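Structure first, then comments.
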Amino acid sequence: MKKISAVLLTAAMLLTLCSCGNNTAESDMVSSTGADVEDIQIASETELEEQNDTMIDPPENFVLISGGTFEMGSPETENWRSEDEVQHMVTVSDFYMSQYEVTQAEYAEVMNNHPSNFSGDNLPVENISWLDAVSYCNVRSEAEGLTPVYSIEGQTVTWDRGANGYRLPTEAEWEYACRAGTVTPFNTETSISAEEANYYGHYPYEIEGNYFSQENLTTKPGEYRQTTVDVDSFSPNAWGLYNMHGNVGEWVWDYYGAYDTEPQTDPTGAQTGSLRVYRGGGWNDFAKNMRSAYRATMAEDQGSFNIGIRLVRNALLSSGSIVSTGAENTESAGENVLIAYFSWGGNTAGIAEKIQAQTGANLFEITMIEPYSTDYNTVLDEAQRDQNEQARPELATHVENMDEYDTILLGYPNWWASIPMPVASFLEEYDFTGKTIIPFCSHGGGRFGQSLTAIAKLAPDATMGEGLSVHYSGGDTLPDDIAAWLEENEILK
């Protein structure tokens, strides 16, 4: 792909400024402390002309995303939408976005390490935290003679809006680019197939209500690759961007929080928070969690085998900065440990019992007043029904002394790529502020799915430990796997 010349670049920006004046950044600077700061300003036409000779062409494989206004979020009629996807009007300014997710080769070249779970130069880098991602942006910027965007001091990150280096997209920029003008759940405008994206292809969109009778599905189950694929796989969306759905989720700048539903221009998300947002879904996600509007979350100092990054660069000159300070977490898991679990077929119960054998911790089973059916086919329908309705089944058992516990080892089966709704009832019953939740789950191939996001949204003031995913009931290595997991979370020392 040829680079855009400085002359053409300036002409494009001038045209945008003349014809789309409402695309300039007009919103106030954002500070986590709530302090008043100066407005962001886009350079005038004269300033653009004067600085034409010093502007750096965008790198190869980046495309210009022309700004505009769109409805961010999902309509209430969209199947499997979440309550945090409230639609609102958003205007974004022009920016450059990489056609591809950052590869393992690109990451290793500047960071000199290989954090990924999978291995391959042209596979996307994954298993990196949000803090790793912004550090990578800075190091790569410096290596290419660009001004780093971020100043990083511990977990305080300041974004220099005027810097010309690499950065993460905002959540609004990401969704605008992913949609590429579409208003449907996916940018393919149809129910996305396993031939169009890399995900848990056995579970296409709306499979949950059609698992046993699939003639009504617009997209039938397809391949589940169980790994990432090359970043240039499949066809790009209408704006030339590859794998915006699937392969790996992609970190964005924003803290997770409720949308400001007033019309926004270049929004940068919640002012404070403990969780960062990532978008797009990964290789092990169901299609419902790859929708353009779906929002996933994780602590900024944690990574996962299905989260990577895609870079952007400024296209319009601006100024000012945004200060972002996360809740620093230096405490290890406490000594007072409770093993709380929900189990249907016995796999999770068996894992919980093996954990108790190694820890001696108290064991608590989450049970319902009206239990699910013991018939497998029936319980699949009941589970997806409750998830779709975000039901909160009434629990039959309760922890009488939750205040005494510092750490909760929380177990559940991965049902429809998330937590069973009785676990949601459990999480909403207690105050987990200041506590540590360490998840473990049994699964049939999807590992955690989006269950970690579900837990984080329901207990945002808890610390999330490193999880343990077990294929069905485990195997001969399960005791050793549990021991290593407990040691990693400093339960066994």
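These figures come from a predicted structure and were not determined experimentally.
Annotation: side chain to side chain donor-acceptor pair (under 3.5 Å) contacts of Gln384 (sequence neighbours excluded): none. In this structure Asp461 satisfies the side chain to side chain contact (heavy atoms under 4.5 Å, CB included) test together with Thr433, sequence neighbours excluded.
Using a cutoff of 4.0 Å between basic side-chain nitrogens and carboxylate oxygens, Glu206 and Lys288 are not scored as salt-bridged. Under a 4.0 Å N-O distance rule, the pair Arg81/Glu76 does not qualify as a salt bridge. Under 4.0 Å is where a charged nitrogen must lie from a carboxylate oxygen, and between Asp406 and Lys435 no such pair does.
For an aromatic pair to be called close, the ring centres must be under 6.0 Å apart, and Trp130 with Tyr255 fails this. A ring-centre distance under 6.0 Å is not found for Trp80 and Tyr294.
The cationic atom of Arg313 (NZ for Lys, CZ for Arg) lies less than 6.0 Å from the six-membered ring centre of Tyr166 and within 45° of the ring axis. A cation-pi arrangement is present between Arg447 and Phe305 under the rule of less than 6.0 angstrom and at most 45 degrees off the ring axis. Trp253 carries Arg276 over the face of its six-membered ring, with the cationic atom under 6.0 Å from the centre and within 45° of the normal. The cationic group of Arg291 does not satisfy the cation-pi geometry with Tyr205, failing either the under 6.0 Å distance to the six-membered ring centre or the 45° limit from the ring axis.
Taken from CD in Glu171 to CZ in Arg279, the straight-line distance is 4.0 Å, to the nearest 0.5 Å.
Ring planes of Phe342 and Tyr372: perpendicular class, angle over 60° (limits at 30 and 60°).
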